[in-house]
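The structure appears below as structure tokens.
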Number of protein chains: 2
Amino acid sequence: MKIALAQLNYHIGNFESNTAKIIDSIKKARQEGADLVVFAELCVCGYPSRDFLEFKDYIKAGEDAALKIAAECTDIACIIGIPTENNKIEGKDLNNSAYFIADGKISAVVNKALLPNYDVFDEYRYFEPSTSFKCIDFKGHRIALTICEDLWNTIENPLYITRPMDELIKENPDVMINIAASPFAYNHDEERIAILGDNARRYNLPLFYVNHVGAHTELIFDGGSLVFDNKGDVVDELPYFEEAITYYNLKDKAGVELLQPTTMRATRQSDIEQIHDGLILGIRDYFYKSGFKSAILGLSGGIDSAVVCALAAAALGPQNVMAVLLPSRYSTDHSITDAEILVRNLGCKSETVPIRQITDAFESALQPQFQGLPFNIAEENIQSRSRAVVLMAMCNKFGYILLNTSNKSEAAVGYGTLYGDMCGGISVLGDVYKTQVYQMANYINRDKEIIPVNSIIKPPSAELRPDQKDSDSLPEYDILDKVLKEYLENRLSSSQIIEKGYDEAVVQRVIKLVNMAEHKRYQTPPILRVSPKAFGMGRRMPIVGKYLS
Amino acid sequence: MKIALAQLNYHIGNFESNTAKIIDSIKKARQEGADLVVFAELCVCGYPSRDFLEFKDYIKAGEDAALKIAAECTDIACIIGIPTENNKIEGKDLNNSAYFIADGKISAVVNKALLPNYDVFDEYRYFEPSTSFKCIDFKGHRIALTICEDLWNTIENPLYITRPMDELIKENPDVMINIAASPFAYNHDEERIAILGDNARRYNLPLFYVNHVGAHTELIFDGGSLVFDNKGDVVDELPYFEEAITYYNLKDKAGVELLQPTTMRATRQSDIEQIHDGLILGIRDYFYKSGFKSAILGLSGGIDSAVVCALAAAALGPQNVMAVLLPSRYSTDHSITDAEILVRNLGCKSETVPIRQITDAFESALQPQFQGLPFNIAEENIQSRSRAVVLMAMCNKFGYILLNTSNKSEAAVGYGTLYGDMCGGISVLGDVYKTQVYQMANYINRDKEIIPVNSIIKPPSAELRPDQKDSDSLPEYDILDKVLKEYLENRLSSSQIIEKGYDEAVVQRVIKLVNMAEHKRYQTPPILRVSPKAFGMGRRMPIVGKYLS
């Protein structure tokens with residue numbers, strides 16, 4: 001049996017374009033003589049569709065799309081992912097389903113049994129889990145078809161009480177197919193290969209795995225679809241961050257033959273390379289899929305906005321990036337110079353809008369209320385917020401989308417101004433720690449100096465008062481980022497982090513800052529997710545509550 | 001058996017104060033000769049604890065609190081709600097549990113079986129559902145103890161495949177107890193009585209039901225705990241929006257005797273009265289539980305900010321409310337006068353900060369970029385954002401929390417400025433349609449004119465350009481609000497709404513506006529929830545996606 005894997009970039013709710021893409025791949029695969037072409041989980045509607053799924057019209061649109069796709073499936077079969085109505089009275093209204101389509105009609109339906117409902121996942125919000133399991137016979141093969149999480153109930157810490165493959169294996173299948181929507185995180189590639197390979201070994205079956213590629217607001221899908229032999233070894237790995245269609249011969253349980261040059265990467269990308277490529281895809285799809293073309297950002301001369309500017313230029317083309325210099329009375333000369341050099345190196349557009357007269361006007365209007373009180377965070381934030389008002393006015397006048405330039409370390413400890421530098425349509429670096437931003441800057445400069453070295457080596461500063469340095473308010477970033485990772489990603493308490501050898505006062509201060517900034521993070525833009533635990537939909541903390549200290 | 005119901009206001013994560021409250025009620029109930037005192041679901045930690053539950057220290061703190069509570073339970077028993085570790089290897093790490101505590105120790109544990117995971121609920125994110133059921137014998141009675149949703153699997157549209165009471169009834173209990181955390185919506189009181197009464201009738205048992213009271217960021221709990229006889233008739237209803245402890249004699253299956261004057265309301269409150277009282281509790285608890293005392297808001301002379309100001313004065317005391325008038329070149333004289341009259345009527349504090357020089361400074365700074373281009377939304381938004389910068393500067397200088405004054409109709413169609421009038425720590429009216437805001441203003445004026453009648457009767461305007469009216473951009477609010485309700489709350493598509501008799505062009509325009517404003521709402525403050533479908537955690541829509549038209 002000749003099997004094609006189609007790793008495509010879908011658009012949530014765009015049944016028309018998704019269906020067209022699927023049909024196009026069916027036609028290609030038929031031309032190549034494939035017997036079966038496999039698409040990803042919920043490919044018909046895109047993932048995650050979230051509360052779109054609560055509209056009956058949305059489910060109906062999926063069914064209509066499936067009929068169109070079925071009509072194309074003559075002389076070839078396909079597997080698509082689709083939300084379907086649960087035909088039982090009891091339980092939730094929907095199933096997360098796979099259709100096996102052959103001879104122009106839907107010949108089998110498989111429903112997902114294990115519904116992820118942690119981190120960014122809300123599948124139990126919509127879907128009833130399946131409790132019955134059946135293999136699919138096709139062209140002399142018996143296929144154990146499962147959907148994403150169905151293969152992820154690990155042996156060591158099982159999150160679910162059932163394991164679908166333990167049921168399906170009783171019917172003696174000779175191949176596993178798994179359709180997935182498994183979002184990117186920099187450590188996810190290794191984990192994916194390990195867990196899927198374990199399945200292939202455990203059930204002694206080859207495994208074909210198809211993932212999404214493309215980004216939907218905060219979630220980036222990296223592709224990296226996989227084929228394993230029955231020993232659990234990788235036969236093929238599809239490219240990362242781009243679409244692909246690949247072909248295989250399935251001979252028997254022990255035989256999978258690759259029918260085109262391998263796309264498997266000889267050396268794996270470093271975390272920073274993956275994050276870099278993922279963010280570019282994230283920015284590009286955010287703009288493309290929401291119908292916008294041009295980005296704007298404030299360029300401070302510091303490293304964060306420089307990296308965002310470089311990523312945006314790579315994603316959208318430098319001609320579609322407007323960098324705005326917004327000097328205040330506290331901006332240093334070298335900051336302006338560094339920003340100007342970056343603009344020149346990238347070839348993007350730029351404007352300069354000094355904010356001094358604006359902040360003077362605010363301070364003068366507030367003079368009756370503020371007189372006699374010392375300069376403090378109120379005046380600092382006026383600067384940051386004045387810059388945001390200017391940038392948003394340019395968005396409103398010219399149709400740009402503002403890119404947020406806060407990094408994860410700042411977002412974590414609340415070192416940013418709400419309605420000021422925390423503004424934007426999408427946050428590019430909100431899941432990238434400051435120490436990783438430095439690595440990324442060096443990676444961007446790998447062939448030549450794009451980001452001025454001065455922006456990389458100078459001590460970070462918000463430049464909201466004379467001689468301000470980040471280190472006046474925060475621990476050094478190499479310590480801060482480690483403590484943040486223990487608290488945010490590993491869910492350790494302050495006492496557990498201190499036990500690991502970190503300074504008690506630093507740990508308690510950092511955790512207090514993180515907790516006090518929940519209300520700020522609630523109102524910030526969606527953040528492109530590149531780690532296993534990003535701020536946003538995957539991390540749901542109370543705002544009004546007493547935090548453990 | 002003498003049973004006490006304790007309807008208390010908890011604080012999420014504040015194990016110390018929650019435990020102290022619980023112990024205080026145990027002591028009171030013991031003095032009154034009660035045999036058993038019943039507290040609400042997850043009372044030990046507060047509800048919803050959200051991702052706090054992912055920290056092992058948090059679960060440990062709950063267990064420590066339970067031990068302290070158990071030590072007080074001599075000569076009296078109690079039921080508390082608590083998150084516990086799931087002691088099975090398979091499944092999620094936690095259970096949502098009830099402890100039955102007697103003779104100083106935990107004598108029975110009941111785990112919740114039906115885990116709500118819709119709207120604002122995420123319980124399947126944390127908890128493994130129970131699959132075993134057992135009654136509790138105590139003082140000659142057999143208690144069927146369940147937790148909230150366990151009684152909510154309706155006959156008509158069952159959301160779950162099991163019904164815990166169908167199992168428990170097999171053991172012949174003579175009473176049902178249900179501990180709950182059921183948040184307020186203006187229609188929830190009727191629904192609660194109907195569904196719980198159905199259970200009492202169906203199983204022919206009296207039912208004691210204890211709910212939370214108090215607010216946690218967006219979620220307001222109204223109390224309204226209930227006692228039913230075995231005919232499903234209400235024996236007692238605890239007060240709304242305040243703490244209470246009440247006592248009953250349980251004689252047998254057919255006999256529940258009220259031991260103090262009834263608190264049951266002879267006439268039910270209107271929706272607007274409930275929303276009014278709920279919002280006051282919501283504001284008060286937001287400030288009290290987050291350790292803040294004073295609110296600030298911009299007072300435009302319009303009805304929305306007037307209603308918010310009156311609610312804040314009722315919640316926090318007028319001396320803790322700072323109303324700021326921020327006139328621009330487009331503010332009308334009557335707006336300023338109306339705002340001044342309101343300040344006088346309420347007795348709150350006020351300041352006036354004209355913004356004209358500020359907006360001039362922005363326009364002058366942007367002159368090189370904007371020259372030759374007509375006045376448009378860019379300049380309108382500069383006004384709104386300048387006001388936000390002034391208000392936030394006063395927050396930063398004096399420690400106020402900014403109250404957001406957007407109503408649900410505006411928030412729905414995006415008729416507001418992101419980082420402008422959409423700012424604030426908490427949104428008071430974000431779940432109150434404009435037509436309801438008018439009703440609320442009249443209710444506030446029920447005894448005397450507090451909100452100037454002129455603010456109520458004049459045509460609504462943002463006053464961001466000369467002679468602007470809301471009706472220039474939006475349908476009349478009585479139509480708009482009905483269409484919004486069909487789309488937002490009833491999940492109808494445009495064609496379904498048009499079928500109901502609404503104008504096609506209006507419906508399509510409204511739905512398009514709602515869809516286009518998702519990115520704005522993503523970045524707005526938490527909204528006090530008073531309806532079955534509020535913006536925020538209970539409504540999760542894709543930002544980048546193609547909406548059905």
Side-chain angles (χ1 to χ4, degrees), chain A residues 11-14 50-52 54-55 57-58 90-92 117-118 124-125 158-159 161 216-217 286 289-290 351 353 357-358 361-362 365-366 369-370 373 377-378 381-382 385 388-390 392-394 396-397 419 423 425 491 493 519 522-523 525-526 539-548, chain B residues 11-14 50-52 54-55 57-58 90-92 117-118 124-125 158-159 161 216-217 286 289-290 351 353 357-358 361-362 365-366 369-370 373 377-378 381-382 385 388-390 392-394 396-397 419 423 425 491 493 519 522-523 525-526 539-548:
Chain A
H11 185 188
I12 292 171
N14 198 334
R50 312 198 81 193
D51 286 2
F52 280 174
E54 296 185 354
F55 287 82
D57 272 25
Y58 198 80
E90 283 165 332
K92 288 169 192 280
N117 211 66
Y118 49 80
Y124 194 70
R125 184 172 170 91
L159 199 54
I161 56 172
H216 307 280
T217 319
Y286 179 85
K289 292 180 181 173
S290 55
E351 293 281 350
V353 183
Q357 287 177 329
I358 297 167
F362 276 114
L366 281 161
Q369 287 77 30
F370 284 9
L373 296 171
I377 195 166
N381 284 340
I382 284 174
R385 292 186 176 122
V389 177
V390 169
M392 290 303 297
M394 292 184 71
N396 289 149
K397 199 60 109 186
Y419 318 130
C423 289
R491 296 291 201 239
S493 64
H519 72 284
Y522 185 97
Q523 296 187 44
R539 186 172 173 279
R540 305 176 187 174
M541 299 295 277
I543 294 178
V544 174
K546 187 168 180 291
Y547 293 75
L548 295 182
Chain B
H11 185 187
I12 292 170
N14 198 334
R50 312 198 82 192
D51 287 1
F52 281 173
E54 295 186 354
F55 287 83
D57 272 25
Y58 198 79
E90 282 165 332
K92 287 169 192 280
N117 211 68
Y118 49 80
Y124 194 69
R125 184 172 170 91
L159 199 54
I161 56 172
H216 307 278
T217 318
Y286 179 83
K289 291 180 182 174
S290 53
E351 294 281 350
V353 182
Q357 287 178 327
I358 297 167
F362 276 113
L366 282 161
Q369 287 77 32
F370 285 9
L373 298 171
I377 196 166
N381 284 340
I382 283 174
R385 292 187 176 122
V389 176
V390 168
M392 288 304 296
M394 292 184 71
N396 288 149
K397 199 59 115 187
Y419 319 130
C423 289
R491 296 290 200 243
S493 65
H519 73 282
Y522 185 96
Q523 297 187 43
R539 186 171 174 281
R540 304 177 188 174
M541 300 296 275
I543 293 177
V544 174
K546 186 167 182 291
Y547 293 77
L548 296 182

Counting heavy atoms not belonging to B:Glu90, are there more than 12 under 6.0 Å from its CD?
-> yes
Flag the pair A:Pro542 / B:Thr217 as yes when at least one side-chain heavy-atom distance between them is below 4.5 Å, and no otherwise.
-> no
Which atom pair, heavy atoms only, marks the closest approach of A:Asp51 to B:Met541?
-> CB-SD, 3.5 Å
Atom CD1 of A:Ile358 and atom CG of B:Leu366: how far apart are they, to the nearest 0.5 Å?
-> 6.5 Å
Look at the side chain of B:Asp57 and the backbone N and O of A:Ser493, then say whether any donor-acceptor pair between them is shorter than 3.5 Å.
-> no
If you count heavy-atom pairs under 4.5 Å between each of A:Lys289, A:Arg540, A:Arg50, A:Met394 and chain B, which one has the most?
-> A:Arg540
Ranking A:Glu351, A:His519, A:Arg125 by heavy-atom pairs under 4.5 Å to chain B gives rank one to A:Arg125
Heavy-atom closest pair (A:Tyr124 atom, B:Asn117 atom, distance to 0.1 Å) is C-ND2, 3.4 Å
Pick one of side chain, backbone, both or neither for B:Leu548, based on which atoms fall under 4.5 Å of a heavy atom in chain A.
-> side chain
Within-4.5 Å side-chain heavy-atom neighbours: A:Glu54 and B:Arg491 = yes
Going by atom types alone, do A:Gln523 and B:Gln523 pair a side-chain donor with an acceptor below 3.5 Å?
-> no
Is there side-chain contact between B:Leu159 and A:Lys92, with heavy atoms separated by less than 4.5 Å?
-> yes
Flag the pair B:Gln369 / A:Lys397 as yes when at least one side-chain heavy-atom distance between them is below 4.5 Å, and no otherwise.
-> no
Is there a side-chain contact between B:Tyr419 and A:Val389, using heavy atoms and a 4.5 Å cut-off?
-> no
Tell me, out of A:Ala378, A:Ala393, A:Gly13, A:Gly91, who's got the most heavy-atom pairs with chain B below 4.5 Å.
-> A:Gly91
Side-chain donor/acceptor of B:Ser290 to backbone N/O of A:Val544, under 3.5 Å = no
For chain B, the option from A:Tyr286, A:Tyr118, A:Tyr547, A:Tyr58 that forms the most heavy-atom pairs under 4.5 Å | A:Tyr547
Distance (rounded to the nearest 0.5 Å) between B:Phe52 CZ and A:Lys546 NZ | 10.0 Å
Any idea which of A:Ala361, A:Ala365, A:Gly545, A:Pro525 has the most non-hydrogen atom pairs under 4.5 angstrom with chain B?
-> A:Pro525
